[in-house]
Engineer: 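Here it is, the structure in full.
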Amino acid sequence: MLYWILIFLGFLILLVSCQYLLKFLNQHGILINRWIWGLLSFLILIVPHVIWSHIPTGIDGILYALCAVFAINFMIEQHAYVQQLNQ
């Protein structure tokens with residue numbers, strides 16, 4: 001039970017940090033297309049695993065964290081795009 005609570009809290013922290021990251025990038029005039037976020041969320045894992053047969057666990061964990069950040073950023077940007085279309 002405690003494991004799932006920690007996973008949920010970690011996801012909430014990741015979600016909030018992604019919101020702040022996108023807000024920070026927006027304030028500094030850096031606009032990244034939502035499809036680039038979506039494409040990078042897969043490529044950040046696929047490309048290193050294709051190039052190297054063995055990736056250390058620490059680096060693999062970092063790659064998975066980046067994949068999560070990019071995927072959440074894609075979902076946030078897609079939601080904002082759909083909300084803009086509905087107005």
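Hydrogens, waters and symmetry mates play no part in the numbers below; they use all other heavy atoms, side chains included.
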Engineer: Is any side-chain heavy atom of L31 less than 4.5 Å from a side-chain heavy atom of L25?
Structural biologist: no

Engineer: If every non-hydrogen atom of I55 is compared with every non-hydrogen atom of L63, which pair is closest and at what distance?
Structural biologist: CD1-CD1, 4.4 Å

Engineer: Quick check: do Q19 and I72 have side-chain heavy atoms less than 4.5 Å from each other?
Structural biologist: no

Engineer: Taking the side chain as every heavy atom from C-beta outward, state whether F74 and W35 have any pair of such atoms under 4.5 Å apart.
Structural biologist: yes

Engineer: CG of L14 to CG of L21: how many Å apart, nearest 0.5 Å?
Structural biologist: 10.0 Å

Engineer: Can you see which heavy atom on S41 is nearest to which on A71, and at what distance?
Structural biologist: CB-N, 3.6 Å

Engineer: Could you check whether atom CD of Q84 has more than 12 heavy atoms from other residues, nucleotides or ligands sitting under 6.0 Å from it?
Structural biologist: no

Engineer: Can you hop from L12 to Y20 via hydrophobic side chains spaced under 4.5 Å?
Structural biologist: no

Engineer: Under 6.0 Å from the NE2 atom of H79, do we count more than 12 heavy atoms belonging to anything else shown?
Structural biologist: no

Engineer: May I ask whether F42 and M75 are part of the same hydrophobic cluster, defined by side-chain heavy atoms of I, L, V, M, F, W, Y residues being less than 4.5 angstrom apart, directly or through others?
Structural biologist: no

Engineer: Less than 4.5 Å apart, any side-chain heavy atom of N33 and any of W37?
Structural biologist: no

Engineer: What's the spacing between I32 CD1 and L40 CG if we round to 0.5 Å?
Structural biologist: 8.0 Å

Engineer: Is it possible for you to say whether I30 and L66 belong to one hydrophobic cluster, with membership spreading through side-chain heavy-atom contacts below 4.5 Å?
Structural biologist: yes

Engineer: Which value, rounded to the nearest 0.5 Å, describes the distance between C67 atom SG and L43 atom CG?
Structural biologist: 10.0 Å

Engineer: With rounding to the nearest 0.5 Å, note down the distance linking NE2 in H54 to NE2 in H49.
Structural biologist: 10.5 Å

Engineer: Roughly how far apart are T57 OG1 and I62 CD1, rounded to 0.5 Å?
Structural biologist: 11.0 Å

Engineer: Would you check if L45 and F70 make a side-chain contact, meaning some heavy-atom pair closer than 4.5 Å?
Structural biologist: no

Engineer: Establish whether I76 and Y81 are linked, either directly or via other cluster members, by ILVMFWY side-chain heavy-atom contacts under 4.5 Å.
Structural biologist: no

Engineer: Would W52 and I59 show up in the same hydrophobic cluster when neighbours are defined by side-chain heavy atoms closer than 4.5 Å?
Structural biologist: yes

Engineer: Can you tell me how far CG of L39 sits from CZ of R34, rounded to the nearest 0.5 angstrom?
Structural biologist: 13.5 Å

